[in-house]
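None of the values given here were measured: they were computed from a predicted structure.
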Amino acid sequence: PVDKESREEFISKAQRRRRHTCNNITVRHSEGPLGARFLLEELPFAQADAIMVLAEMVEDSNAADCQTLAVCVQIQDILQWSKQQDSVSPMIIPQLIEANSESLARKSGIFDYMLTDQLVARITACVAEVPQLSCIIDYIVKDRSCGFCIRELREYPAATALDVDKGVTFDEVSAAVACANEVVLGWSCTDPTQGAWEMNPKERKLKRSWSADARLVVLRK
């Protein structure tokens with residue numbers, strides 16, 4: 001792994017390059033062999049809301065993904081053994097480099113991940129196809145005047161007009177959210193085996209059941 005001094009230098013240069021200082025986070029460096037479970041067990045995973053596992057920048061990207069997913073599986077096991085009753089486990093989000101590692105992540109029970117190379121390519125393709133999207137991306141990434149968040153449907157006053165017992169459509173949910181000047185991007189999946197979220201559903205007029213633990217992904221100011 002990269003030594004502590006190199007990581008600190010990278011963080012410092014990244015902040016200077018972006019002219020932004022991270023004031024509300026503290027970086028703690030814990031060093032050790034990759035995949036050493038006894039060292040992973042010393043980390044305060046139970047106190048975390050989310051755990052991000054970044055890929056090691058090596059020449060063999062497939063090997064890097066294997067190491068990343070191996071660490072994720074170990075963290076899953078550590079959380080399972082230490083989990084207390086009625087407690088919610090933190091979300092594990094690995095960074096994957098190769099697209100063919102996506103199926104391996106899903107088979108490991110990891111449905112939230114970052115395919116960073118594809119993310120860059122998709123953003124570039126979107127801007128190339130629709131140049132007007134660049135200002136929207138600026139608002140989200142650079143200006144930080146908009147952000148993503150998880151919301152409940154009942155948080156929106158306009159949603160009281162919906163009969164959730166009979167199910168709701170994505171168009172109905174979108175209209176209710178739009179009344180609060182927000183944009184709904186997706187909702188939680190009804191079938192957990194297909195992932196945690198369904199983004200931009202194709203069947204926008206198809207009704208689905210709405211359980212008490214269902215959530216929305218929205219873009220808001």
Please check this pair: side chain of [X] against backbone of [Y], looking for a donor-acceptor N/O pair closer than 3.5 Å.
| X | Y | answer |
| --- | --- | --- |
| Gln95 | Thr116 | no |
| Ser12 | Glu8 | no |
| Ser188 | Arg215 | yes |
| Gln118 | Ala99 | no |
| Asp65 | Ser101 | no |

Closest non-hydrogen atom pair between [X] and [Y], with its separation:
| X | Y | value |
| --- | --- | --- |
| Cys22 | Gln15 | N-OE1, 2.7 Å |
| Pro94 | Cys72 | CB-SG, 3.5 Å |
| Ala55 | Thr68 | CA-OG1, 3.6 Å |
| Ala159 | Leu153 | CB-O, 3.3 Å |
| Ala105 | Leu96 | CB-CD1, 4.0 Å |
| Ala128 | Pro131 | O-CD, 4.4 Å |

Do [X] and [Y] sit in the same hydrophobic cluster, where Ile, Leu, Val, Met, Phe, Trp and Tyr count as joined when their side-chain heavy atoms come under 4.5 Å apart?
| X | Y | result |
| --- | --- | --- |
| Ile75 | Met52 | no |
| Leu219 | Val177 | no |
| Leu119 | Val130 | yes |
| Leu54 | Ile93 | yes |
| Val53 | Ile78 | yes |

Quick one, [X] and [Y] - any side-chain contact, counting heavy atoms below 4.5 Å?
| X | Y | answer |
| --- | --- | --- |
| Glu198 | Phe170 | no |
| Val217 | Ile150 | yes |
| Ile123 | Leu133 | no |
| Asn100 | Asn62 | yes |
| Leu115 | Arg122 | no |
| Tyr156 | Val218 | yes |
| Leu185 | Trp197 | no |
| Gln76 | Ile92 | yes |

Is it the case that atom [atom1] in [X] sees more than 12 heavy atoms from other parts of the structure closer than 6.0 Å?
| X | atom1 | value |
| --- | --- | --- |
| Asp49 | CG | no |
| Arg37 | CZ | yes |
| Lys4 | NZ | no |

Next item on the list: Check the angle between the aromatic planes of Trp187 and Trp210 and answer parallel, tilted or perpendicular using the 30° and 60° thresholds.
Entry: tilted
Checklist line | Evaluation steps, side-chain contact (heavy atoms from CB on, under 4.5 Å), between Ile51 and Leu79 | finding: CA-CA 11 Å; Ile51 301 169; Leu79 290 171; 4.2 Å; yes
Let me confirm one number: the [atom1]-[atom2] distance from [X] to [Y], rounded to the nearest 0.5 Å.
| X | Y | atom1 | atom2 | result |
| --- | --- | --- | --- | --- |
| Ser174 | Arg204 | OG | CZ | 5.0 Å |
| Glu102 | Leu104 | CD | CG | 11.0 Å |
| Cys126 | Ile137 | SG | CD1 | 6.5 Å |
| Thr21 | Arg16 | OG1 | CZ | 10.5 Å |
| Asn23 | Thr26 | CG | OG1 | 10.5 Å |

Note to self: Between the side chains of Arg208 and Glu203, is the shortest nitrogen-to-carboxylate-oxygen separation below 4.0 Å, so that they form an ion pair?
What the structure shows: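 Between Arg208 and Glu203 there is no salt bridge, as every charged N stays at least 4.0 Å from the carboxylate O atoms.
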Margin query: Would you say Asp213 and Ser211 are linked by a side-chain donor-acceptor pair, where the criterion is simply a distance under 3.5 Å?
Written below: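 Yes, side-chain donor-acceptor contact under 3.5 Å.
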Notebook entry, point to check: Under the side-chain contact (heavy atoms from CB on, under 4.5 Å) criterion, do Arg7 and Glu31 qualify, and how do the steps go?
Noted result: CA-CA 11 Å; Arg7 291 196 299 268; Glu31 299 180 285; 3.5 Å; yes
Note to self: Just to verify, which of Lys205, Lys207, Lys166 counts as forming a salt bridge (Lys or Arg N to Asp or Glu O under 4.0 Å) with Glu172?
What the structure shows: Lys207
